[in-house]
*Asks:* 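Mind looking over this structure? Questions follow.
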Amino acid sequence: MGCRVKEKAGRFVEDMIDIHLQEIKETDEAYRVVLHDLEEIVNGVKAVMEQLDKTQRELLADYDERKHIVEQEKGRCLYLAGIKDGVRLAKYLQIND
């Protein structure tokens with residue numbers, strides 16, 4: 001697969017993930033409740049972090065950022081795997097018609 005095709009596919013996947021996440025935020029009440037709860041927890045964590053020294057704050061901030069990056073990558077990989085599985089399934093169903 002050419003580099004340009006991979007780049008376009010990557011952008012497509014990122015765009016679709018963003019679209020689906022926005023849709024979930026707008027339509028899924030349970031998800032909104034979890035986001036609200038998380039927001040409250042984040043505020044509490046920020047208050048605790050303010051009490052830590054600079055080195056401890058930086059360590060926790062670095063941990064949080066890296067964890068977030070890992071979660072984003074995991075979601076992207078799972079979404080891409082789902083696309084591949086869907087293509088395989090579509091091919092399989094067409095062959096057996």
Side-chain angles (χ1 to χ4, degrees):
M1 186 183 293
C3 192
R4 188 160 168 98
V5 172
K6 283 185 179 181
E7 186 179 310
K8 285 184 178 183
R11 276 194 300 246
F12 173 79
V13 168
E14 296 299 325
D15 289 347
M16 293 308 296
I17 289 171
D18 289 344
I19 289 168
H20 291 300
L21 285 175
Q22 185 61 38
E23 183 179 311
I24 290 168
K25 287 177 187 176
E26 293 172 359
T27 62
D28 189 328
E29 181 62 30
Y31 185 78
R32 284 196 300 267
V33 168
V34 170
L35 282 180
H36 175 64
D37 293 346
L38 180 61
E39 205 172 297
E40 289 180 2
I41 292 169
V42 166
N43 291 334
V45 168
K46 284 180 181 178
V48 169
M49 285 181 69
E50 289 175 4
Q51 298 173 10
L52 302 175
D53 66 47
K54 182 180 177 184
T55 303
Q56 292 170 325
R57 278 194 311 271
E58 288 174 351
L59 178 66
L60 287 176
D62 187 41
Y63 165 77
D64 186 54
E65 182 180 338
R66 290 172 190 257
K67 185 177 176 190
H68 180 71
I69 290 168
V70 167
E71 290 299 316
Q72 279 184 315
E73 184 62 18
K74 185 169 59 172
R76 191 187 69 76
C77 288
L78 288 172
Y79 188 86
L80 191 54
I83 290 172
K84 290 176 183 178
D85 289 344
V87 169
R88 264 191 298 248
L89 179 62
K91 286 180 180 179
Y92 173 78
L93 293 174
Q94 288 177 349
I95 291 172
N96 292 322
D97 273 349

*Asks:* Can a salt bridge be assigned to the pair Glu29 and Arg32 using a cut-off of 4.0 Å between side-chain N and carboxylate O?
*Replies:*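 Here Glu29 pairs with Arg32 in a salt bridge, since their nearest N and O are under 4.0 Å apart.
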*Asks:* Should Ile41 and Val33 be regarded as members of a common hydrophobic cluster, given that ILVMFWY residues are connected when their side-chain heavy atoms come within less than 4.5 Å of each other, either directly or indirectly?
*Replies:*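 Hydrophobic grouping puts Ile41 apart from Val33.
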*Asks:* If I take atom NZ from residue Lys25 and atom CG from residue Leu35, how far apart are they, to the nearest 0.5 angstrom?
*Replies:*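 One finds 6.5 Å between NZ of Lys25 and CG of Leu35.
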*Asks:* Applying side chain to side chain contact (heavy atoms under 4.5 Å, CB included), run through Gln22 and Ile19 and close with a yes or a no.
*Replies:* CA-CA 5 Å; Gln22 185 61 38; Ile19 289 168; 5.9 Å; no
*Asks:* Report whether Met49 and Leu59 are members of the same hydrophobic cluster (ILVMFWY, side-chain heavy atoms less than 4.5 Å apart, transitive linking).
*Replies:*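 No, no single cluster joins them.
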*Asks:* Would you compute the distance between atom CG of Asp85 and atom CG of Leu80 and round it to the nearest 0.5 angstrom?
*Replies:*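 The distance works out to 10.0 Å.
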*Asks:* Once rounded to the nearest 0.5 Å, what's the spacing between atom CD of Glu23 and atom OH of Tyr31?
*Replies:*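 The CD atom of Glu23 sits 12.5 Å away from the OH atom of Tyr31.
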*Asks:* Please lay out, stage by stage, how Arg76 and Glu73 fare under the test salt bridge (Lys or Arg N to Asp or Glu O under 4.0 Å).
*Replies:* CA-CA 5 Å; Arg76 191 187 69 76; Glu73 184 62 18; 2.7 Å; yes
*Asks:* Which atom pairs, donor and acceptor, lie under 3.5 Å between side-chain atoms of residues 62-69 and protein residues at least two apart or in another chain?
*Replies:*
residue: Asp62; atom: OD1; partner: Arg66; partner atom: NE; Å: 2.8
residue: Asp62; atom: OD2; partner: Arg66; partner atom: NE; Å: 3.0

*Asks:* Report the distance from atom CZ of Arg88 to atom CD1 of Ile83, rounding to the nearest 0.5 Å.
*Replies:*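 Between Arg88 CZ and Ile83 CD1, I get 12.0 Å after rounding to 0.5 Å.
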*Asks:* Check this for me: Glu71, atom CD, are more than 12 non-hydrogen atoms of other residues, nucleotides or ligands nearer than 6.0 Å?
*Replies:*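 It does: Glu71 CD has more than 12 such atoms within range.
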*Asks:* Under 4.5 Å side-chain heavy-atom separation, chaining through any Ile, Leu, Val, Met, Phe, Trp or Tyr, what else clusters with Leu38? Say none if it is isolated.
*Replies:*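 Answer for Leu38: Val42.
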*Asks:* Flag yes if Leu78 and Leu21 sit in one hydrophobic cluster, no otherwise; membership is Ile, Leu, Val, Met, Phe, Trp, Tyr, and two members link when side-chain heavy atoms are under 4.5 Å apart.
*Replies:*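 Not linked; separate clusters.
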*Asks:* side-chain hydrogen bond (donor to acceptor under 3.5 Å, both in side chains): which pairs involve residues 40-59, sequence neighbours left out?
*Replies:*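 Residue pairs with at least one partner in residues 40-59: His36-Glu40.
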